[in-house]
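Report on the following structure.
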Amino acid sequence: MKIASWNVNSLNVRLPHLEQWLQAAQPDVVGLQETKLEDNRFPDAVLAGLGYRSVFAGQKTYNGVALLARGHALDDVVIGIPGFDDAQRRAIAATVNGIRIVNLYVVNGQDVGTEKYDYKLRWLDAVHGWIADELSRHPQLVVMGDFNIAPDDRDVHDPAVWNDESILTSTAERAALQRLLNLGLHDAYRLHHSEGGFFSWWDYRQAGFRRNLGLRIDLNLVSDALRDKTVAADIDREPRTWDRPSDHAPAWVQIA
DNA sequence: ATGGTAGCAGGGCTA
């Protein structure tokens, strides 16, 4: 199974990009973030025409997540973090072909010390409890998404700028990610690549993509039970070169 | 510290 995570930054604008990428990359499961669509506007019929079933949880203007699957049903769908009261649509989970998939659009946090940053840390704490519970019932688990956290200095273009006091790389954010990994999860990209300088997000501003001024913040975490079955993982930069692209590229993992 | 670009929505917020 090829499983991918992609922050499309408006599915309304990026539907043609998604269609083109699905045809080219042929993923079996796709998690989308920042669809920015209310559910009655979700293009499930268009995606069904390409062979993908979809489940989704959206809202106007901000946030919004979805899971697509080809060839298998999406079962036991959960929307939002159970027990965590949250008006923002940032989490959706489903079981596909025996693998539990959790798709997250982690809070950005704006700046260290702000109210949004506190919300980010509280949100990640709630995710930790949820994932622990999911893992106890589903040993075969993938937690994917836009984590809005760069795991270590290899994952940022300039560690002096993106330091332990910066948003997306701060000590508390990285500790929250590490705490998730400590449940028995592995960054699939790092099972297959050890070098730095490979990113999944580049700011629209100041020609960030052309200059490769990016961060690797879009991750697929695989559980212990899936670790040895994880045969490949990578980031597909090509859609970032297309006209009017998302600022994020799809990150994928292949599970045998 | 600020501003640069993009999306949504038609001004300012979010990223």
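As the structure is a computational prediction, the values presented were derived from the model and not from experiment. Below, chains carry the letters A, B, ... as their sequence lines are ordered, and counting in each starts from 1.
Considering only residues two or more places apart in sequence or on other chains, A/Trp202 meets the ring pair (Phe, Tyr, Trp, His ring centres under 6.0 Å) condition with A/Phe209. Applying the side-chain contact (heavy atoms from CB on, under 4.5 Å) test to A/Asp234 and every residue at least two apart in sequence or in another chain returns A/Tyr189, A/His193, A/Trp252. Shown here are the side-chain contact (heavy atoms from CB on, under 4.5 Å) partners of A/Asp153, two or more places apart in sequence or in another chain: A/Pro159, A/Arg174. Legend: residues meeting side-chain contact (heavy atoms from CB on, under 4.5 Å) with A/Ala94, ordered by chain and number and at least two apart, are A/Leu67, A/Leu74, A/Val77.
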Name each donor-acceptor pair under 3.5 Å that joins a side chain in residues 41-58 of chain A to protein atoms two or more places apart or in another chain, with its distance.
residue	atom	partner	partner atom	Å
A/Tyr52	OH	A/Pro27	O	2.6
A/Arg53	NE	A/His72	O	3.4

Which atom pairs, one a donor and one an acceptor, fall under 3.5 Å between side chains of residues 127-134 of chain A and the rest of the protein, sequence neighbours left out?
residue	atom	partner	partner atom	Å
A/Trp130	NE1	A/Glu134	OE2	3.0
A/Asp133	OD2	A/Arg137	NH2	2.7
A/Glu134	OE1	A/Arg100	NE	2.8
A/Glu134	OE2	A/Arg100	NH2	3.4

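For the pair A/Arg14 (side chain) and A/Pro245 (backbone), a donor-acceptor distance under 3.5 Å is present. Panel note: side chain A/Asn163, backbone A/Ser166; a donor-acceptor pair is recorded below 3.5 Å.
Residues of residues 39-47 of chain A having a heavy atom closer than 4.0 Å to DNA chain B: none are found. Within residues 107-125 of chain A, the residues that have a heavy atom under 4.0 Å from DNA chain B are, in order of number, A/Asn108, A/Lys116. Near DNA chain B, defined here as any heavy-atom distance below 4.0 Å, the residues from residues 197-212 of chain A are A/Tyr204, A/Arg205, A/Gln206, listed numerically.
The OG1 atom of A/Thr35 sits 6.5 Å away from the CG atom of A/Leu11 when rounded to the nearest 0.5 Å.
Along DNA chain B, the nucleotide closest to A/Lys60 and the one closest to A/Tyr105 are compared, and the more 5′ of them pairs with A/Lys60.
Screening residues 60-81 of chain A for salt bridge (Lys or Arg N to Asp or Glu O under 4.0 Å) gives A/Asp28-A/Arg70 as the qualifying pairs, with residues at least two apart or on separate chains. Residues in residues 186-208 of chain A take part in these salt bridge (Lys or Arg N to Asp or Glu O under 4.0 Å) pairs, two or more places apart or across chains: A/Asp155-A/Arg190, A/Asp187-A/Arg216, A/Asp203-A/Arg205.
For the side chain to side chain contact (heavy atoms under 4.5 Å, CB included) with A/Leu215, the lone residue among A/Leu168, A/Asn148, A/Ile149 that qualifies is A/Leu168.
On the nucleic acid side, DNA chain B has its first and last nucleotide under 4.0 Å of a heavy atom of chain A at B/dG3 to B/dA15, going 5' to 3'.
Using modelled atom types and a 3.5 Å distance limit, the side chains of A/Gln33 and A/Asn103 yield a donor-acceptor pair.
Taking atom P in both B/dT2 and B/dC13, one finds a spacing of 15 Å when rounded to whole Å. Here, B/dG3 and B/dT14 have their C1' atoms 16 Å apart, quoted to the whole Å. Between B/dA6 and B/dA1, the distance separating the two P atoms is 26 Å to the nearest Å.
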